[in-house]
Amino acid sequence: MHHPVDHDELEHGLDAAALWLLQAERVAVLTGAGVSAESGLATFRGPDGLWEGHPVEQVATPEAFRRDPQMVWRFYHGRRAALRMVEPNPGHRALAELETLFPASHLTLITQNVDGLHQAAGSGRVLEVHGTLRQVRCEACAETSDAGLLPLPELPTCGSCGGLLRPAVVWFGEMLPQDAWWQAESAAWDCDCFLVVGTSALVYPAAGLIDLARSGNSRIVEVNPDRTPASPRVDLRLRGPAGKVLPALVQRLRTG
Ligand code: OAD
């Protein structure tokens, strides 16, 4: 159940957030599954969440893949198929537009999402800290390759060495892609305004970027229809769906 949106409070919040963004030299944005919810993709937690139907330990750990690669691949084939049918929503597009309002590399978009919808919306520089469903990696030779979104064999194998391929996403208990993660940390630490959009802020280390931004003295703005464990630690909460709140925010920046 989402909390009802208080329009007056939201309007004031949007004004304040727009001002902070206008004053900011550097901005970082952290997104989670909520930003893609209005495109029709399920989030992870909650009654209809992906982890309800598919417990994490069965489909998103290296142990699960070793035990039953077929079952794990079935889950990811399904998620890849879902991506063929969805498009970016106004929230993704607003973030792509936000990027154009800052000098190159002054806005960093960090996403926990593996759906590629930020790029599809036109965001040029996206740090995918949990990997991407569009790539596969060989369990044997570690070669990573683009698989696009076309259907893959039930148990896909590596073109170079014949080893078993896995989705190039981060599973529980695994390290985050180092390069993307270091850039994310540095952007969170260095920014003047940090937007936290559509994430339950439960999964670390990604959620730790919020604290990092806080220690770097950034203003923190949360965009989420619901409260999260991060809510008490942010400076401003914009209660509403990303597809409504973000376009309204960017509209204010456009008009100065
Ligand atoms: P969650 O499913 O945990 O949280 C989704 C958040 O989006 C919740 O706080 C919702 O209130 C919010 N939300 C729902 N609809 C929204 C909307 N229209 N606009 C804005 N917010 C909305 O998803 P994540 O926080 O992304 O990791 O989950 C973090 C990580 O946990 C994922 O990257 C994944 C998962 O396990 C891995 O697989 C490693």
Side-chain angles (χ1 to χ4, degrees), residues 1-5 10 13-14 17 29-65 72 75-76 78-80 82 86 88-95 109-118 121 126-133 135 166-177 180-181 184 195-210 221-234 237-249:
M1 267 291 272
H2 291 328
H3 290 279
V5 177
L10 183 58
L14 283 165
V29 186
L30 171 68
T31 66
V35 77
S36 296
E38 288 156 89
S39 291
L41 291 176
T43 60
F44 292 96
R45 295 169 180 85
D48 300 320
L50 280 173
W51 294 157
E52 282 299 302
H54 309 86
V56 171
E57 58 282 2
Q58 278 177 26
V59 294
T61 63
E63 295 75 27
F65 192 64
V72 172
F75 174 66
Y76 286 96
R79 289 186 64 192
R80 285 167 46 83
V86 298
N89 66 57
H92 296 108
R93 283 196 282 273
L95 289 176
L109 178 51
I110 306 158
T111 189
Q112 298 166 87
N113 298 344
V114 292
D115 56 31
L117 288 178
H118 285 305
V126 184
L127 301 176
E128 294 179 305
V129 293
H130 286 170
T132 166
L133 283 173
Q135 290 186 347
R166 59 164 280 178
V169 298
V170 174
W171 284 329
F172 284 86
E174 293 187 316
M175 300 272 290
L176 271 53
W181 178 248
L195 299 184
V196 186
V197 183
T199 177
S200 59
L202 286 167
V203 175
Y204 283 76
L209 294 172
I210 302 166
V221 180
E222 180 178 60
V223 178
N224 197 311
D226 287 329
R227 281 186 75 76
T228 74
S231 301
R233 292 177 281 142
V234 305
R237 288 168 288 278
L238 300 176
R239 290 274 157 262
K244 292 246 154 44
V245 171
L246 293 174
L249 184 57

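When reading the values below, keep in mind they use all heavy atoms of this one structure, side chains included, and skip hydrogens, waters and symmetry mates. For clarity, every value in this text was computed on a predicted model and none was experimentally measured. Atoms within a ligand are numbered from 1 in the order they appear, just like the ligands themselves.
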Pairs of nitrogen or oxygen atoms closer than 3.5 Å, one from Pro225 and one from ligand 1: do any exist? no
Determine, stepwise, if the pair Arg237 / Arg227 fulfils side chain to side chain contact (heavy atoms under 4.5 Å, CB included). CA-CA 9 Å; Arg237 288 168 288 278; Arg227 281 186 75 76; 4.2 Å; yes
With atoms numbered from 1 as shown, which atoms in ligand 1 lie under 4.0 angstrom from a non-hydrogen atom of Asp226? 11 (O)
Say you draw a straight line from CG of Leu202 to OG1 of Thr228; how long is it, rounded to the nearest 0.5 Å? 7.5 Å
Spacing of Leu176 atom CG and Leu127 atom CG [to the nearest 0.5 Å]: 11.0 Å
So is Val170 in contact with ligand 1, going by heavy-atom distances below 4.0 Å? yes
Is there a side chain to side chain contact (heavy atoms under 4.5 Å, CB included) between Val129 and Val170 once you walk through the steps? CA-CA 8 Å; Val129 293; Val170 174; over 6 Å; no
Is there a polar contact between ligand 1 and Pro241, counting only N or O atoms under 3.5 Å apart? no
Output the list of atoms in ligand 1 that are nearer than 4.0 Å to some heavy atom of Glu38, sorted by atom number. 17 (C), 18 (N), 19 (N)
Is the Trp171 ring parallel, tilted or perpendicular to the Phe65 ring (thresholds 30°, 60°)? tilted
Return the option from Gly198, Gly46, Gly32 holding the heavy atom at the smallest distance from atom 5 (C) of ligand 1. Gly198
Is Trp171 near ligand 1, meaning one of its heavy atoms is under 4.0 Å from it? no
Looking at ligand 1, does any of its N/O atoms fall within less than 3.5 Å of an N/O of Thr228? no
I need the contact type for Gln112 against ligand 1. Using non-hydrogen atoms and a strict under-4.0 Å cut-off, is it side chain, backbone, both or neither? both
If the plane angle is over 60° it's perpendicular, under 30° parallel, otherwise tilted; pick one for His54 and Phe75. tilted
Based purely on interatomic distance, does Ala37 place a nitrogen or oxygen under 3.5 Å from a nitrogen or oxygen of ligand 1? no
May I ask you to test the Gln112-Leu30 pair for a side-chain heavy-atom distance under 4.5 Å? yes
Pairwise side-chain contact, Val86 with Asp115, heavy-atom cut-off 4.5 Å (strictly under): no
Give the intermediate values and the outcome of side chain to side chain contact (heavy atoms under 4.5 Å, CB included) for residues Lys244 and Leu10. CA-CA 11 Å; Lys244 292 246 154 44; Leu10 183 58; over 6 Å; no
Is it true that Gly49 lies under 4.0 Å from ligand 1, counting heavy atoms only? no
Candidate list Leu109, Val221, Val35, test side-chain contact (heavy atoms from CB on, under 4.5 Å), partner Val29, passing option: Leu109
With heavy-atom distances below 4.0 Å as the criterion, list the atoms of ligand 1 near Ala33. 23 (O), 24 (P), 26 (O)
Which ligand 1 atoms, with their elements, are less than 4.0 angstrom from a heavy-atom of Phe172? 36 (O)
Report the part of Arg45 (side chain from C-beta onward, or backbone N, CA, C, O) that has a heavy atom under 4.0 Å from ligand 1; answer both or neither where that applies. both
Tell me whether ligand 1 is touched by Asn224 - counting only heavy atoms on the residue side and a distance under 4.0 Å. yes
